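All values derive from a computational prediction rather than experimental measurement. What's counted below: heavy atoms across the whole structure, side chains too, no hydrogens, waters or symmetry copies.
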Amino acid sequence: MQLLSVIFVPVFLFATQAAAATWYFLRYNTPSGAKFTTFSGQMVVPALPKAAVYYLWPGLQPTDNSEVYQNVLDGRSGTWWFGSGWCCSDPSLPWGGGFNTYAGETNIFSNVLNSDGSGWTTTTTRGTNGSPVTNTFPLAGKSFNQAIFAIELYDVPWNFGPLTFKNIKIVATGSTNTAWCTGKPDNYNSATKYTISGARASVSGTTVTCTIDSVVLQGPA
């Protein structure tokens with residue numbers, strides 16, 4: 001996938017097509033000096049209206065805003081494909097494995113910093129009975145401070161209905177502040193109608209565990 005940067009303050013999000021993207025996303029930011037170590041949950045697959053450049057994803061972006069580590073639902077072939085990777089300008093870091101998936105399925109994603117800090121491990125699972133797909137990414141040098149729920153569209157409208165994430169877990173270390181979890185996320189350009197339910201935080205030392213029952217990107221505002 002080719003990369004085009006979409007520039008806005010204070011972050012750079014990176015698209016995957018040499019054309020202008022239409023963006024809808026919510027973003028959780030850690031307090032200064034903190035970083036995310038886990039981002040996991042479930043993603044409900046919407047209908048795919050046609051083969052087109054629909055990219056729907058949860059992902060993490062680092063403090064240097066250099067690319068995004070993401071689990072992408074990709075509609076270009078006419079069948080949804082769900083895969084993981086570090087997008088997109090480092091060709092030496094291959095895209096991870098994935099699988100075809102279909103409307104109504106609920107897929108699991110898990111992105112976890114390895115306990116020794118050597119890199120990140122991603123596991124995705126199709127539905128409740130699929131075989132896990134596991135990939136590791138040597139991103140030890142990246143400090144992720146942005147957790148994102150995104151819809152990235154090229155020359156197509158948001159015509160697939162709501163995008164639902166469930167049973168979300170986001171863990172941050174380096175601060176006891178929980179407001180990033182229980183408060184409202186950034187809504188890019190106020191472009192998205194959304195609902196969030198069941199956001200709560202627990203603290204152990206300087207580690208905050210944020211759990212959210214659901215995040216639903218309902219449609220354009």
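Judged by distance alone, the side chains of Ser84 and Asn135 never bring a donor and an acceptor atom under 3.5 Å apart. With 3.5 Å as the limit, one finds a donor-acceptor pair spanning the side chains of Gln146 and Asn65.
Partners of Ala221 by side chain to side chain contact (heavy atoms under 4.5 Å, CB included), not counting sequence neighbours, listed by chain and number: Lys193. Scanning for salt bridge (charged side-chain N to carboxylate O under 4.0 Å, His left out) contacts around Lys142 gives Asp64, with sequence neighbours left out. Shown here are the ring-ring contact (aromatic ring centres under 6.0 Å, His included) partners of Trp158, two or more places apart in sequence or in another chain: Tyr24, Phe160. Applying the side chain to side chain contact (heavy atoms under 4.5 Å, CB included) rule to Pro157 yields the partners Asn159; only residues at least two apart in sequence or on another chain are considered. Phe39 pairs by the ring-ring contact (aromatic ring centres under 6.0 Å, His included) definition with Phe109, Phe149, not counting sequence neighbours.
With values rounded to the nearest 0.5 angstrom, Ser77 atom OG is found 7.5 Å from Leu48 atom CG. Note that the CG atom of Leu163 and the CG atom of Leu26 stand 10.0 Å from one another [nearest 0.5 Å]. Separating the CD1 atom in Ile168 from the CD1 atom in Ile212 is a distance of 5.0 Å, to the nearest 0.5 Å. Rounding to the nearest 0.5 angstrom, the gap separating the CD1 atom in Ile151 from the OG1 atom in Thr192 is 6.5 Å. In this structure, NZ in Lys35 is found 10.0 Å from OG1 in Thr63, a value given to the nearest 0.5 Å. Between Glu67 atom CD and Leu139 atom CG the span is 10.5 Å, to the nearest 0.5 Å.
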Assess whether side chain to side chain contact (heavy atoms under 4.5 Å, CB included) is satisfied between Asn71 and Met43, documenting all intermediate values.
CA-CA 10 Å; Asn71 316 112; Met43 183 180 186; over 6 Å; no
Let me see the working for Tyr194 and Lys184 under side chain to side chain contact (heavy atoms under 4.5 Å, CB included), right down to the final yes or no.
CA-CA 11 Å; Tyr194 69 92; Lys184 292 182 179 180; 4.0 Å; yes
Check the pair Thr124 / Phe82 against side chain to side chain contact (heavy atoms under 4.5 Å, CB included), numbers first and verdict last.
CA-CA 8 Å; Thr124 52; Phe82 193 48; 3.8 Å; yes
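With hydrophobic clusters built from ILVMFWY side chains whose heavy atoms lie under 4.5 angstrom apart, Leu56 shares a cluster with Val133. A continuous path of Ile, Leu, Val, Met, Phe, Trp and Tyr side chains, each step under 4.5 Å between heavy atoms, connects Tyr154 with Ile148, placing both in one hydrophobic cluster. Trp180 and Ile196 fall within the same hydrophobic cluster, where Ile, Leu, Val, Met, Phe, Trp and Tyr residues are linked whenever their side-chain heavy atoms come under 4.5 Å apart, directly or through other members.
Shown are Phe36, Trp86, Phe137; of these, the ring pair (Phe, Tyr, Trp, His ring centres under 6.0 Å) with Tyr69 is made only by Phe137. Test Thr122, Thr123, Thr37 against Asn111 for side-chain hydrogen bond (donor to acceptor under 3.5 Å, both in side chains) and you get one pass: Thr122. Under the side-chain hydrogen bond (donor to acceptor under 3.5 Å, both in side chains) rule, Glu152 has a single partner from Trp57, Tyr54, Trp23, which is Trp57.
Asp186 places no side-chain N or O within donor-acceptor distance of the main-chain N or O of Tyr188, the cut-off being under 3.5 Å. Panel note: side chain Asn114, backbone Gly119; a donor-acceptor pair is recorded below 3.5 Å. Without hydrogens or angle criteria, Asn189 side chain to Ala191 main chain gives no donor-acceptor distance under 3.5 Å.
In this structure, Ser175 and Pro31 approach most closely via the heavy-atom pair OG-CG, 3.7 Å. Minimum interatomic distance between Gly130 and Thr125 (heavy atoms only, all atoms of both residues): O-CG2, 3.3 Å. When every heavy atom of Gly97 is checked against every heavy atom of Trp81, the shortest pair comes out as C-CZ2, 4.1 Å. Nearest heavy-atom pair, Pro162 versus Pro46, reported as atom, atom and distance to 0.1 Å: O-CB, 4.0 Å. Across every non-hydrogen atom of Ile108 and Gly127, the tightest pair is CD1-O, 4.3 Å. Counting all heavy atoms, side chain and backbone alike, Asn177 lies closest to Val208 at O-CG2, 3.6 Å.
Among residues at least two apart or in separate chains, side chain to side chain donor-acceptor pair (under 3.5 Å) pairs with a member in residues 99-110 are Thr101-Glu105, Thr101-Asn107, Glu105-Arg126. Contacts classified as side chain to side chain donor-acceptor pair (under 3.5 Å) and involving residues 212-221 (residues at least two apart or in different chains) are given here: Ser197-Ser214, Arg200-Asp213. Pairs engaging residues 46-86 under the disulfide bond (SG atoms under 2.5 Å apart) rule: none recorded [sequence neighbours left out]. Residue pairs meeting the salt bridge (Lys or Arg N to Asp or Glu O under 4.0 Å) criterion with at least one partner in residues 156-174, sequence neighbours excluded, do not occur; the list is empty. Identified under the disulfide bond (SG atoms under 2.5 Å apart) test for residues 166-196, with sequence neighbours left out: Cys181-Cys210. Pairs of residues two or more places apart, or lying in two chains, never qualify as disulfide bond (SG atoms under 2.5 Å apart) while including a residue from residues 20-58. Identified under the disulfide bond (SG atoms under 2.5 Å apart) test for residues 114-163, with sequence neighbours left out: none.
With a 4.5 Å cut-off on side-chain heavy atoms, Cys87 and Trp95 count as touching. Within the 4.5 Å cutoff, the side chain of Thr207 has heavy atoms near those of the Val171 side chain. Side-chain atoms of Leu73 and Tyr55, non-hydrogen and from C-beta on, never get closer than 4.5 Å to each other. Residues Asn29 and Asn145 are not in side-chain contact: their nearest non-hydrogen atoms beyond the backbone lie 4.5 Å or more apart.
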